[in-house]
Number of protein chains: 2
Amino acid sequence: MTMTPEEINRTVSQLLDQAPGRSTRARESVLNILLSAPTALNHHNIEEVAKQRDLSIDRVTLYRTLDWLVEQGVAHRIASVNRSWYFSAVAQPDMEPHAHFHCKKCQQIYCLEDVQAAPMHNLPKEYQLEEADLCLQGQCVTCNRDANG
Amino acid sequence: MTMTPEEINRTVSQLLDQAPGRSTRARESVLNILLSAPTALNHHNIEEVAKQRDLSIDRVTLYRTLDWLVEQGVAHRIASVNRSWYFSAVAQPDMEPHAHFHCKKCQQIYCLEDVQAAPMHNLPKEYQLEEADLCLQGQCVTCNRDANG
DNA sequence: TGTAAAGTGCAACTATGTTACAGTTTATCC
DNA sequence: GGATAAACTGTAACATAGTTGCACTTTACA
Ligand SMILES: [Mn+2]
Ligand SMILES: [Mn+2]
Ligand SMILES: [Zn+2]
Ligand SMILES: [Zn+2]
């Protein structure tokens with residue numbers, strides 16, 4: 001990741017143009033915020049960033065916007081231990097299912113695009129598996145570095 | 001599992017006697033309900049079962065009781081996709097961390113005591129891993145059987 | 001530029017979980 | 001058995017995350 005603001009703008013336009021639906025200020029802002037973030041964000045986080053950028057997005061509109069972005073495959077939704085959904089942009093359309101890491105210290109949620117849930121061996125075959133979410137917890141790179149110098 | 005009601009009663013007394021705290025009606029009832037259930041239950045489920053058994057447990061007491069059971073290692077708490085916590089009894093004190101299966105059809109949550117999250121290979125070593133929750137989704141044994149005859 | 005459909009904002013609502021505090025029950029000691 | 005202190009419970013009020021209905025505004029497109 002780590003795109004420049006111009007690259008982000010270009011990606012936002014491109015992704016929204018491809019989607020069957022209107023390109024609106026809310027959708028542009030939210031997608032821009034998601035693409036700019038190094039970690040996944042929940043509704044509260046997004047509202048905060050929007051406020052910092054002097055954008056005001058209605059709470060309900062934000063819910064609907066995020067649902068729409070997920071439906072379009074432009075963002076993905078991550079369940080977290082703190083009872084709120086987190087969202088992260090999907091810049092490439094071929095993004096694979098991957099593990100997520102929740103840092104217990106800074107509470108950030110990282111997409112680990114290179115870590116996948118291993119194929120299950122002793123899952124009884126009568127269970128029809130459709131999805132496997134691997135949710136890791138511990139201390140993240142940054143917090144670890146801060147602690148160990 | 002599949003204990004008889006008498007076995008469940010015996011186990012309840014035994015587990016509560018070992019725990020440092022009082023043996024109360026709420027704790028007995030809730031632990032009994034958890035031990036009787038084939039799947040994990042959330043607060044709402046437990047209240048329903050309690051009602052069926054003509055027990056009335058206050059909502060707040062139920063929250064506190066479940067927290068206490070988890071602290072004592074007598075129950076474990078499972079995060080779910082539907083923003084509510086599920087609970088399942090821990091009959092043996094040596095129960096290992098294990099995967100959970102959420103059936104998208106009947107919404108039940110199963111403890112798969114024989115399925116563990118595989119050791120992570122390509123997790124960057126700067127992440128300090130403390131816990132790995134593996135949350136499977138799909139169709140459960142029962143729903144599968146009902147569908148396929 | 002006018003229009004219909006899509007999207008937004010507001011208010012009111014639901015679900016899940018928490019806190020404070022007064023009242024009740026339990027275990028323990030005499 | 002009865003007194004006592006600590007542990008537990010019930011009630012009310014609150015917090016947070018998310019949903020619904022409906023009127024209003026904006027967008028895309030002819
Ligand atoms: Mn992700
Ligand atoms: Mn379990
Ligand atoms: Zn961290
Ligand atoms: Zn099922």
Side-chain angles (χ1 to χ4, degrees), chain A residues 12-33 40-51 54-72 74-88 102 107 109, chain B residues 12-13 15-33 40-51 54-72 74-87 102 107 109:
Chain A
V12 167
S13 310
Q14 201 175 315
L15 289 173
L16 292 184
D17 283 354
Q18 285 165 12
R22 295 180 182 171
S23 190
T24 68
R25 202 179 61 92
R27 290 173 183 177
E28 283 170 19
S29 313
V30 174
L31 186 49
N32 194 307
I33 289 172
L41 304 177
N42 66 11
H43 282 76
H44 184 67
N45 300 149
I46 296 172
E47 280 185 315
E48 278 185 334
V49 177
K51 218 172 277 172
D54 280 317
L55 302 165
S56 93
I57 303 168
D58 176 74
R59 227 166 60 84
V60 178
T61 301
L62 179 51
Y63 277 101
R64 290 193 279 229
T65 300
L66 285 166
D67 285 350
W68 184 85
L69 290 173
V70 171
E71 273 167 31
Q72 302 311 314
V74 165
H76 69 287
R77 181 195 314 254
I78 306 156
S80 83
V81 286
N82 73 351
R83 308 183 358 92
S84 74
W85 293 104
Y86 281 73
F87 297 84
S88 173
H102 172 102
Q107 306 300 324
I109 293 186
Chain B
V12 167
S13 310
L15 289 174
L16 291 184
D17 284 353
Q18 285 164 12
R22 296 182 181 168
S23 191
T24 67
R25 204 180 61 92
R27 291 174 182 176
E28 282 170 19
S29 313
V30 173
L31 186 49
N32 194 308
I33 289 172
L41 304 177
N42 65 11
H43 282 76
H44 184 66
N45 300 149
I46 296 172
E47 280 184 316
E48 278 184 334
V49 177
K51 217 172 279 173
D54 280 318
L55 303 164
S56 94
I57 303 168
D58 175 75
R59 229 166 58 84
V60 177
T61 301
L62 179 51
Y63 278 102
R64 291 194 280 227
T65 301
L66 286 166
D67 285 351
W68 184 85
L69 291 173
V70 170
E71 272 166 31
Q72 302 311 314
V74 165
H76 68 287
R77 180 197 313 256
I78 307 156
S80 83
V81 288
N82 72 354
R83 302 182 7 89
S84 74
W85 293 103
Y86 281 71
F87 296 84
H102 172 102
Q107 306 300 324
I109 292 186

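In the text below, chain A, chain B and the rest are named by the order of the sequence lines, each starting its count at 1.
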Rounded to whole Å, how long is the line connecting atom CG of A:L66 with atom C1' of C:dT8?
15 Å
Between P on C:dT8 and CG on A:D67, what's the gap in Å once rounded to a whole number?
12 Å
Minimum heavy-atom distance A:A40-A:N45, with the two atoms named:
O-OD1, 4.4 Å
To the nearest Å, give me how far apart CZ (A:R77) and P (D:dA17) are.
15 Å
Looking at every heavy atom in both A:S80 and A:I109, which two are closest together, and how far apart are they?
CB-CD1, 3.6 Å
Answer whether the closest heavy-atom distance between the side chains of B:H102 and B:N82 falls below 4.5 Å.
no
Could you tell me how far apart A:E28 (CD) and D:dT26 (P) are, to the nearest whole angstrom?
15 Å
With a 3.5 Å cut-off and heavy atoms only, can you find an N or O donor on one side and an acceptor on the other between the side chain of B:R83 and the base of D:dG18?
no
Which heavy-atom pair separates B:G21 from B:W68 by the least distance, and what is that distance?
CA-CZ2, 4.2 Å
Heavy atoms only, 4.0 Å cut-off, all strands: where does B:H43 land among base, sugar-phosphate and nothing?
sugar-phosphate
Taking the side chain of B:Y63 as its heavy atoms from C-beta onward, which of C:dG17, D:dA17, C:dC10 lies nearest to it?
C:dG17
Between P of D:dT19 and CG of B:N82, the distance in whole Å:
12 Å
Compare side-chain N and O positions of B:W85 against OP1 and OP2 of C:dT16 and report whether any pair is under 4.0 Å apart.
no
Quick one: are B:I57 and B:T65 in side-chain contact, heavy atoms under 4.5 Å?
no
Any A:S13 side-chain heavy atom under 4.5 Å of A:E28 side chain:
no
Between CG of B:N45 and C1' of C:dA15 the distance, given in whole Å, is 14 Å
Pick out the pairs of N or O atoms, protein on one side and nucleotides 4-8 of chain D on the other, that lie under 3.5 Å.
from  : atom 1 : to    : atom 2 : distance (Å)
D:dA6 : N3     : B:R22 : NH1    : 3.4
D:dA6 : N3     : B:R22 : NH2    : 2.9
D:dA7 : O4'    : B:R22 : NH1    : 3.3
D:dA7 : O4'    : B:R22 : NH2    : 3.0
D:dA7 : N3     : B:R22 : NH1    : 3.3
D:dC8 : OP1    : B:R22 : N      : 2.9
D:dC8 : OP1    : B:R27 : NH1    : 2.6
D:dC8 : OP1    : B:R27 : NH2    : 3.3
D:dC8 : O5'    : B:R27 : NH2    : 3.3

Select from B:R59 and A:T65 the residue whose nearest nucleotide in DNA chain C is closer to the 5' end of that strand.
A:T65
Distance criterion of 3.5 Å, no angle test: do you see the side chain of B:R64 paired donor-to-acceptor with the base of C:dG17?
no
Please report, rounded to the nearest Å, how far the C1' atom of C:dT16 is from the NE2 atom of B:H44.
12 Å
Roughly, in whole Å, what's the span from CG in A:N42 to P in D:dA17?
7 Å
Side chain to side chain contact (heavy atoms under 4.5 Å, CB included) partner of A:H44, chosen from A:I46, A:L41, A:N42
A:N42
